[in-house]
Amino acid sequence: MRVLLINVVCGIRSTGRICTDLAEALETQGHDVKIAYGREAVPEKFRKYALRTESDLGIKLSAMRARVSDNAGFSNRLATIRLVEKIREFDPDVIHLHVLHGYWINIEVLFEYLRECGKKIIWTFHDCWAFTGHCAYFDYVACDKWISGCSSCPDKNAYPASILADRSEVNYLKKKSFFTGIPDMHIVTPSKWLADYVRRSFLKEYPVEVIPNGIDTDVFCRNADTIQAAAELKERYGLEGKKLVIAVSTSWDRRKGLQEYFKLADELGEGYQVAVIGLSEEQAASVPSNVLGIQRTDSVRELAGFYVLAHAYVNASLEENYPTTNLEAIACGTPVIAYNTGGSGESAEIFGTVVPKGNISALSEAVQNAKQTDSALTPEEIKRLFSFKRMTEKYLEIY
C-alpha cells in the first residue's frame, strides 16, 4: 500500500511528529510512505519521506498576502499544482491530510484533485480552521457564526491574522464548496469536543472518528532515569521545600493563557513554585519574579524529569484541542489541573481536575488539593490509552 500524508511540517512539532510516527509504523509493515509538507526544516532521519511543496519565499509572500487580504489557504497555486503532479506520480492508495493552513498550500487546487482522484481520503483535524471563514479557534471570542455562516469576523486579527480585509464570509462559502461532496473521505479528530463541532458544521456529511493523539510512553514515565532527572532539576533550580507547579508549551501565544499562570502564582503564594516551560528568550526575561521562566528544551529526558518532579501540571489554555502535554504529565504520575476548554478536560478527567475557564481561585484550590502518585494508572493502562502504538494502530485500521 502507498500512503501519502500531507501536513504543514514534517517530523517537528506535534502534527509533524504524528505524521512521521505513522510513516515509520507503515514502513515497518512494508508500506511505501511519503509526507508532503510546506515549511521549516526536516530532521535528517525523516528526510527519506519528505516532499517539500513550497519555498521559504513562497511562504513569506503568501503570509504577506494573507495579512492584507485575509486569504489564507488561497495562495500558493503554482506550488500546489506541482504537488498534485507529484501525487499523481506517487499514485497513493490513501491520502491522509493534516494541517492545511500555514500559508503553504492552495486548498482549491488540492481539493479539485481530491474530488476526482478516486483515492481513500482521511483528514485529521488538529483545530477548527477547516469549517470557519477565518480562525483556527473561536472559543476566545465565544463566536458561533461557523454554524450557520461566517461574516464580520470578531477575531480577524488572530491567526491567520488579517490587518485590513475581512473575507470571512467569502472564505466560509468557498471552503464549504471545496470541502463538501468529496467521495470516500473520513474525518478524524483527537478529541470528542472537536468531533462534536465537526458534526454541527457543514462537514457533517462525513463519518467522524475520534483517535486521541499519542505520546512516547517509554520516555514519559516514572522510572529510575526520570526520577534521577527530577532530582537533578530540583537541585539546579533550588526547589527544595517547594511544591512545583508546571505548565509546558512549544509556543506561548495568546490562546495558551500565559497571564493565567502569573495570576496563579500570586494566588498560591509561599510554598509553591510555578514554572512555565517553553518560553522564548524575550518571554523568559519578562516573567514575574515569583514565576520560574524556562526556555524551550530539546531534552525529552529533562522534560520528563519536570513532569515527575511536579506536584501538579496545570493547563490554563483559553483555547485548546487535545493537548499531548496533559498525557505526558499523567504518564509520569502527575495530576493535571485543566480549564474546561476544548478537549483538554477529556484527559484531565482521567487523572486530575477540571475547573471553569478563567476561575483562578478554583485553579489554585485544585492545585493545593492535588496528590501526585506513581500508581494513578498502571503502565499497561498508560500504553493502552496514550501510546503512539495505540494511535497508529487505530489509523491503520482506517487505512
Side-chain angles (χ1 to χ4, degrees), residues 1-8 14-15 18-19 22 26 35-36 72-74 80 83-84 87 92-102 105-139 143-150 168-214 320-322 342-343 346 390-399:
M1 180 171 63
R2 288 184 297 279
V3 178
L4 174 72
L5 298 110
I6 301 179
N7 187 57
V8 62
S14 58
T15 62
I18 287 170
C19 289
L22 286 168
L26 287 162
I35 302 173
F74 299 98
T80 310
L83 169 61
V84 168
I87 297 174
D93 301 291
V94 176
I95 298 173
H96 189 169
L97 311 174
H98 287 266
V99 177
L100 300 184
H101 54 81
I105 203 166
N106 184 290
I107 57 174
E108 181 176 12
V109 172
L110 177 63
F111 275 81
E112 281 178 354
Y113 165 74
L114 296 178
R115 191 176 301 278
E116 55 84 24
C117 69
K119 311 294 185 181
K120 183 164 190 174
I121 300 162
I122 299 165
W123 193 355
T124 296
F125 286 4
H126 299 280
D127 52 50
C128 307
W129 182 82
F131 52 87
T132 75
H134 174 85
C135 57
Y137 291 96
F138 37 75
D139 283 3
C143 179
D144 62 1
K145 292 183 178 183
W146 56 275
I147 299 173
S148 57
C150 291
S168 57
E169 183 174 6
V170 173
N171 293 344
Y172 180 91
L173 293 173
K174 283 188 172 183
K175 286 181 181 180
K176 184 175 181 179
S177 174
F178 299 159
F179 297 161
T180 54
I182 305 296
D184 202 13
M185 187 163 87
H186 300 252
I187 292 174
V188 174
T189 68
S191 64
K192 297 174 184 176
W193 163 82
L194 185 52
D196 289 342
Y197 275 12
V198 173
R199 294 186 183 109
R200 296 169 62 195
S201 76
F202 59 69
L203 297 170
K204 58 189 174 184
E205 68 186 81
Y206 298 112
V208 181
E209 182 165 348
V210 177
I211 301 179
N213 296 331
E320 196 58 85
N321 184 0
Y322 192 80
E346 292 175 29
R390 181 268 312 152
M391 180 189 73
T392 55
E393 285 174 348
K394 289 290 186 182
Y395 274 115
L396 290 173
E397 289 175 9
I398 299 179
Y399 288 174

Engineer: Centroid separation under 6.0 Å, is that true for the rings of Phe131 and Phe202?
Structural biologist: no
Engineer: Would you say Ser191's side chain and Gly343's backbone share a donor-acceptor pair under 3.5 angstrom?
Structural biologist: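 No, because the side chain of Ser191 does not come within donor-acceptor range (under 3.5 Å) of the backbone of Gly343.
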Engineer: Where the side chain of Glu205 meets the backbone of Gly181, is there a donor-acceptor pair that is under 3.5 Å apart?
Structural biologist: yes
Engineer: For Ile18 and Asn7, run side-chain contact (heavy atoms from CB on, under 4.5 Å): C-alpha distance rounded to whole Å, both residues' side-chain angles, the deciding distance at 0.1 Å, then the answer.
Structural biologist: CA-CA 10 Å; Ile18 287 170; Asn7 187 57; over 6 Å; no
Engineer: With rounding to the nearest 0.5 angstrom, report the CZ to CG distance, Phe125 to Leu203.
Structural biologist: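 Between Phe125 CZ and Leu203 CG, I get 5.0 Å after rounding to 0.5 Å.
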Engineer: Report yes or no: does Lys120 contribute a side-chain atom to a donor-acceptor pair with the main-chain N or O of Ile398 at less than 3.5 Å?
Structural biologist: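 It does hold such a pair.
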Engineer: Tyr395 and Ile211: side-chain contact (heavy atoms from CB on, under 4.5 Å), yes or no, with the steps?
Structural biologist: CA-CA 8 Å; Tyr395 274 115; Ile211 301 179; 4.0 Å; yes
Engineer: So, for Ala195 and Val210, which heavy atoms are closest and what is the spacing to 0.1 Å?
Structural biologist: CB-CG2, 3.7 Å
Engineer: Sub-3.5 Å donor-acceptor pair from the side chain of Arg390 to the main-chain atoms of Asn213, do we have one?
Structural biologist: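 Checking the backbone N and O of Asn213 against the side chain of Arg390, a donor-acceptor pair under 3.5 Å is found.
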Engineer: Is the backbone N or O of Thr132 less than 3.5 Å from a side-chain atom of Lys175, with the two atoms forming a donor-acceptor pair by type?
Structural biologist: yes
Engineer: As a test of understanding, state which of Trp129, Phe111, Tyr206 forms a ring pair (Phe, Tyr, Trp, His ring centres under 6.0 Å) with Trp123.
Structural biologist: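 So, applying the ring pair (Phe, Tyr, Trp, His ring centres under 6.0 Å) to Trp123 and each of Trp129, Phe111, Tyr206, only Phe111 qualifies.
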Engineer: Answer yes or no: is there a donor N or O on one side and an acceptor on the other, between the side chain of Tyr172 and the main chain of Trp146, under 3.5 Å?
Structural biologist: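 Yes.
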Engineer: Counting heavy atoms not belonging to Lys119, are there more than 12 under 6.0 Å from its NZ?
Structural biologist: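 Result for NZ/Lys119: enclosed.
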Engineer: Measuring from atom CG of Leu194 to atom NE2 of His126, what distance do you get when rounded to the nearest 0.5 angstrom?
Structural biologist: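 Output value for this atom pair is 10.0 Å.
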Engineer: In terms of ring plane angle, is the pair Trp193 and Tyr197 parallel, tilted or perpendicular, where the classes change at 30° and 60°?
Structural biologist: tilted
Engineer: When you look at NZ of Lys176, are more than 12 heavy atoms from neighbouring residues, nucleotides or ligands closer to it than 6.0 Å?
Structural biologist: no
Engineer: Checking side-chain contact (heavy atoms from CB on, under 4.5 Å) for the pair His186/Asp184: CA distance, chi angles, key distance, verdict?
Structural biologist: CA-CA 7 Å; His186 300 252; Asp184 202 13; 3.4 Å; yes
Engineer: With side-chain contact (heavy atoms from CB on, under 4.5 Å) as the test, would you mind laying out the steps for Thr124 and His96 before giving the verdict?
Structural biologist: CA-CA 7 Å; Thr124 296; His96 189 169; 2.8 Å; yes
